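From a predicted model like this one, the values you see are computed outputs, not experimental measurements.
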Amino acid sequence: MEPKVSDIASPLVSPPAVSVCPKISTLTKRADFVRTSNARRQGTTGVHLQARKRMDGEAIGIRVGYTCSKKVGNAVARNRAKRRLREIARMTLPNLGRDGWDYVLVGRNTTTGSIPFEDLLRDLHRALAKVHA
RNA sequence: GCGGGUGGUCGGAUGGUCGCGGGGUGGUAACACCUCGAGGAAAGUCCGGACUCCAUGAAAAGCACGGUGCUGGGUAAUACCCAGCGGGGGUAACCCUAGGGAUAGCGCCACAGAGAACAGACUGCCUUCUAUAUGGAGGUAAUGGUGAAACGGUGGGGUAAGAGCCCACCGCGGAUGUGGCAACACAGACGGCACGGCAAGCCCCACCGGGAGCAAUGCCAAAUAGGGGUCUCGUGUCGCUUGCGGCGUGGGUGCUUGGACCACAGAGACCCGGGUUGGCAGCUAGAGGCUGGUUGGUAACAAUCAGUCCAGAUGAAUGAUCAUCUCGGGGCAGCGAUGCCCUAGACAAAAUCCGGCUUACAGACCACCCGCACUU
RNA sequence: GCGGGCGUAGCUCAGGGGUAGAGCGAAACCUUGCCAAGGUUUAGGUCGAGAGUUCGAAUCUCUUCGCCCGCU
């Protein structure tokens, strides 16, 4: 039997202690995106991940940004891809993300909006593991 | 039943769990609760407005530039809509139509053809002259072929040959009359025919448009700077009532003109260098939409009454997932009725707002109408 | 969001109503022992797409698609 999405995510969604859970904020500045893209990167079928360990004092907590260029498609396809990226980040980063890092999730050509959701989730897990290594 | 035409509607539904944006309430806060949260095209940005700023005495005038272009009406306005007219298509329902002026002027009409816009004559036809030839003079425009287009068409009379030269019909122009608010329609004396096409070529005529746009504009905070160089015009003047008037200079979001206004010691142009891309307002209730009724109108639409609804983000909010149902589609089994399984599946997401236009769109539904076939 | 511009041969561009062209590139041949250069010749185009105006459209008009630039 196929594992349900809830089975994959359940250990991750289980609420961690508040003191362990860093605050997650969204990247909005272009300069942050550029700095992150110059650091570590890892591509998978569904998502392309860029990550960077910040210098001390820049900001607090985990920060995450989302990018979907016109290659992804029209406005409907871009928004849809961005929402799916937000959802997997919400389910994953509170547990697997590291404090003091910036992450940028980039939507891929046609796959981000179309592949099954659990595949997208596994792709982010793999990409995070490789980037942290 | 089949085929077609017109107008319109919808664009899955319900529930659970976890999340997102705005507003409200409570709370010191974390947060909790309540409530609202994409489209018919939100799209393209092709038009028209609202609104804001700039300019302005003024909706200034003229020129330039751009647009519109049958008539009447509707509207805040339009290139939109409605009702008609003319032209074209279709057996029909019905559809399409940038549709003013070619006698204001200029320009163009390649190739072919004798000749392409003004009457002219290559091949011809007829008469005549002579030196009888591939000749000259005259008449004619019916013949031939070319071309998108050739100076009215067909038939008859007539003639040396011919010709609206004459006649009949058709076509064209058309004084005038009738109907219509008008575009225009109908009738038509008369004219023997004179007047080719292109204005989405320049242009003429009529009407419309001041320019830029929410990245407009205003405020707050921080930071940096209160820059440098070159060039041009200036450094006012007269009067008195002593802060006003005359003159002068400079200042214009296409240009010019005149006037008013502002400034009067600085103004303008170009080049070099440096800083910031934060927050708030504008920002969503308006020529508002929808539903139902009444009145006027053929209609578009207007007036009015009642009810109801209202996204406001800014790396930009609607997602993820599960279940059930239903419309279609596909597969398998079956002669069939039907059963089982899979599958929510088109275009496309607000960005100041509104009215139109155009383009994209899986599929489903409703009403009316037309043609053909069949039955009664 | 607003404003502006461009689509013609494989590439860079002319042509602005009358049979689509230039340069570079490609191919074949000549030349050479071989290559380059040179010479001769050839192929290659729905003029981004669809309608309209015209006798006739790459050209004029409208619609549409794609690409590029500027404005805080």
Side-chain angles (χ1 to χ4, degrees):
Chain A
M1 179 179 169
E2 279 290 308
K4 292 282 172 60
V5 169
S6 54
D7 299 336
I8 296 173
S10 56
L12 314 175
V13 174
S14 59
V18 177
S19 57
V20 197
C21 179
K23 189 173 170 57
I24 296 181
S25 54
T26 306
L27 288 180
T28 57
K29 296 283 197 319
R30 173 170 166 76
D32 290 330
F33 280 86
V34 172
R35 272 199 292 271
T36 308
S37 70
N38 289 333
R40 297 162 168 271
R41 48 179 67 194
Q42 177 62 44
T44 62
T45 312
V47 60
H48 185 95
L49 178 71
Q50 300 169 341
R52 179 179 73 104
K53 188 175 192 320
R54 284 194 307 272
M55 309 298 284
D56 290 338
E58 271 187 63
I60 57 161
I62 297 174
R63 296 195 304 176
V64 59
Y66 312 92
T67 293
C68 289
S69 73
K70 275 193 176 177
K71 284 182 198 162
V72 175
N74 59 21
V76 176
R78 289 201 301 273
N79 284 348
R80 178 174 175 79
K82 226 182 277 186
R83 285 192 203 105
R84 290 175 70 117
L85 293 179
R86 254 192 230 108
E87 184 68 12
I88 60 171
R90 188 179 67 83
M91 294 171 80
T92 304
L93 288 181
N95 291 281
L96 295 184
R98 294 192 180 172
D99 196 3
W101 282 58
D102 284 352
Y103 300 95
V104 171
L105 279 65
V106 182
R108 311 231 350 156
N109 194 355
T110 54
T111 52
T112 303
S114 61
I115 64 169
F117 190 73
E118 53 260 41
D119 291 356
L120 200 60
L121 211 50
R122 284 205 201 90
D123 283 345
L124 182 61
H125 288 183
R126 273 206 299 273
L128 277 172
K130 287 205 170 191
V131 158
H132 287 150

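- The glycosidic torsion of B:A38 lies within 90° of 0, placing the base in the syn range.
- Put simply, A:Arg86 has no side-chain N or O that comes within less than 4.0 Å of OP1 or OP2 on B:G21.
- Rounded to an integer number of Å, the gap from CD of A:Glu118 to C1' of B:U321 is 10 Å.
- Among the nucleotides B:G319, B:U321, B:G315, the one closest to the side chain of A:Thr67 is B:G315.
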Report all interatomic pairs (protein N or O, nucleotide N or O of nucleotides 15-17 of chain B) with separations under 3.5 Å.
none

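- Residue pairs meeting the side-chain hydrogen bond (donor to acceptor under 3.5 Å, both in side chains) criterion with at least one member in residues 73-86 of chain A: none, sequence neighbours excluded.
- OP1 or OP2 of B:U318 lies within a sub-4.0 Å distance of a side-chain N or O belonging to A:Arg83.
- With rounding to whole Å, A:Arg78 atom CZ is found 18 Å from B:U314 atom P.
- Distance A:Arg84 CZ to B:C20 P: 19 Å, rounded to the nearest Å.
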Read 5' to 3' with Watson-Crick or G-U pairs under 3.5 Å, [ ] for crossing pairs and | for partners on another strand, RNA chain C gives ((((((((.[[[[.)..(..]]]].(((((.......))))).....[[[[[..)....]]]]]))))))).
Give every donor-acceptor pair under 3.5 Å between a side-chain atom in residues 126-133 of chain A and any protein atom, sequence neighbours left out.
unit_1, atom_1, unit_2, atom_2, d
A:Arg126, NH2, A:Asp123, OD1, 2.8
A:His132, ND1, A:Leu128, O, 3.3
A:His132, NE2, A:Tyr103, OH, 2.8

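- One can place CD1 of A:Ile115 at 14 Å from C1' of B:A320, the figure rounded to the nearest angstrom.
- Contacts classified as ring-ring contact (aromatic ring centres under 6.0 Å, His included) and involving residues 61-84 of chain A (residues at least two apart or in different chains) are not found.
- Put simply, the side chain of A:Asn79 and the base of B:A349 share a donor and an acceptor less than 3.5 Å apart.
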Shorter than 3.5 Å, N or O on both sides, protein versus nucleotides 342-345 of chain B: list them out with atom names.
none

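- Partner assigned to B:G144 is B:C122, using Watson-Crick or G-U wobble distances below 3.5 angstrom.
- With B:A348, B:A320, B:G315 as the candidates, the nucleotide lying closest to the side chain of A:Thr26 is B:G315.
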